[in-house]
Amino acid sequence: MPLTRWLAEQAWLPDHAAPTPDVLIEAEDGRFTAVTPLARGASPHTGVEVLAEAVRLPGLTLPGLANAHSHAFHRALRGRTHGGRGDFWSWRDVMYDVAGRLDPDSYLALARAAYAEMALSGVTCVGEFHYLHHGPDGHPYDDPNAMGAALVEAAAQAGIRITLLDACYLTASVAGEPLAGTQRRFGDGDALRWADRVDGFRPAGAHALRGAAIHSVRAVPADQLATVAGWAYRQGAPLHVHLSEQPAENDACRTVHGRTPTGLLADRGVLGPDVTAVHATHPTSADLALLAEHRTGVCLCPTTERDLADGIGPARLMADAGIPLSLGSDSHAVVDLFEEARAVELDERLRTRRRGHFTAAALRDAATVTGHAALGWADAGRIAVGERADLVTVRLDSPRTAGVPPVGVFFAATAADVDQVVVDGRQVVRDGRHLTVDVPVELRAAIVAVTGA
Ligand SMILES: [Zn+2]
């Protein structure tokens with residue numbers, strides 16, 4: 001790719017507490033080659049001709065946002081499960097109904113539209129926690145990784161990067177009950193067969209990475225946890241695990257194993273610096289100490305936790321312990337990393353009835369560099385020389401953001417304010433429109449195809 005230059009009215013550079021005005025940003029072959037705040041004075045990069053040809057980016061330009069926890073097909077449930085009573089478990093029944101109807105073609109169409117919605121909201125990389133592997137009766141497709149390949153292709157077509165976190169899902173409960181009904185599509189039989197299948201998968205495209213997931217302590221027996229963790233460790237791949245999303249999971253784990261889910265993972269050698277616990281909404285203080293000791297990260301999904309009435313994770317205690325925090329939209333009731341980020345702060349306020357727990361820069365890091373790192377992309381999420389050239393420009397003249405100081409964007413902007421998105425040096429969204437996907441039309445068609453209405 002040729003050299004591209006942008007002139008950002010405001011850009012939020014790494015390790016800065018607030019954005020910097022008038023920054024010249026240059027990239028070549030998908031990486032930043034120069035980042036020059038013009039206020040520092042003249043340099044070879046800032047000649048009149050250079051500035052004249054630079055693409056203007058009015059508003060605030062951020063690094064690419066990372067959506068570290070996604071189940072793409074949950075997008076079909078938006079607005080269909082929110083009005084009634086119930087809890088996570090009743091919501092899950094509806095989710096299984098949609099999961100039962102997907103095949104590789106319909107999943108490609110749905111995920112392409114869902115990922116394009118993410119691109120519109122400024123997401124440049126998604127962590128897809130993938131457990132819908134097999135055909136409706138639980139038998140593998142001719143290509144046993146056909147569903148994973150569909151997700152990788154969907155991300156390519158939507159113009160974003162993906163880490164396919166292939167989830168091992170073997171049992172229906174901590175006590176080891178067998179998978180039943182739709183759940184049979186998730187299972188590989190045992191962890192060794194899971195590893196065989198994942199070993200055989202070579203995602204097509206430089207936009208994709210392979211990762212692993214333990215669905216939860218409900219879904220992988222204790223004596224098979226190390227097989228999954230060992231595979232990830234040998235591959236140098238990120239490993240994600242749903243952890244303590246509901247008190248019921250903690251209670252069942254204590255009953256069966258005599259310890260918390262975090263304690264069980266620690267005992268079995270699962271925790272480590274390339275591991276991300278998703279949710280961790282109901283940890284004990286000993287659990288937090290274990291996560292911190294092993295330098296394991298936590299991916300918070302506040303809008304999903306809110307929607308499913310799961311509770312509020314202790315984000316400030318986690319950060320105080322040194323646990324890296326990332327963000328995910330998970331069930332896609334909302335796809336808006338600004339909303340996820342400010343919820344980390346606002347939920348703490350509701351819990352403590354005090355304000356000011358996280359700085360704006362800390363929320364930005366959770367939405368950007370920490371999320372990319374949790375997905376195995378250590379060279380993304382910062383506007384700095386040598387990093388992947390992802391740029392997300394947020395309008396500062398919309399009804400929501402007019403008059404807002406740039407540092408206040410994470411408390412004011414929504415996904416609808418994202419105007420320009422560049423992924424690996426390539427423009428994906430221009431003037432608020434996805435360049436290749438008609439997002440509302442494709443979402444509607446894909447959702448009607450799998451829900452029937
Ligand atoms: Zn999830």
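All values below come from the heavy atoms of this structure, side chains included, with hydrogens, waters and symmetry mates left out. Just so you know, these numbers come straight off a predicted model, no measurement behind them. If you read the sequence from its start, that first residue is 1, and numbering goes on from there. In each ligand, atom 1 is the first atom listed, and ligand 1 is the first ligand listed.
The environment of CZ in Arg295 is sparse: at most 12 heavy-atom neighbours from other residues, nucleotides or ligands sit within 6.0 Å.
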Give the intermediate values and the outcome of ring-ring contact (aromatic ring centres under 6.0 Å, His included) for residues Phe129 and Tyr169. CA-CA 11 Å; Phe129 195 109; Tyr169 196 131; 9.1 Å; no
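Looking only at its N/O/S atoms, His71 has NE2 as the one nearest to the Zn ion (ligand 1). The N, O or S atom of Asp330 with the smallest distance to the Zn ion (ligand 1) is OD1.
Here His242 contributes NE2 and His69 contributes NE2, and at the Zn ion (ligand 1) these two atoms make an angle of 90°, given to 10°.
Aromatic ring centres of His240 and His215: separated by at least 6.0 Å. Between His71 and His332, the ring centre distance reaches or exceeds 6.0 Å.
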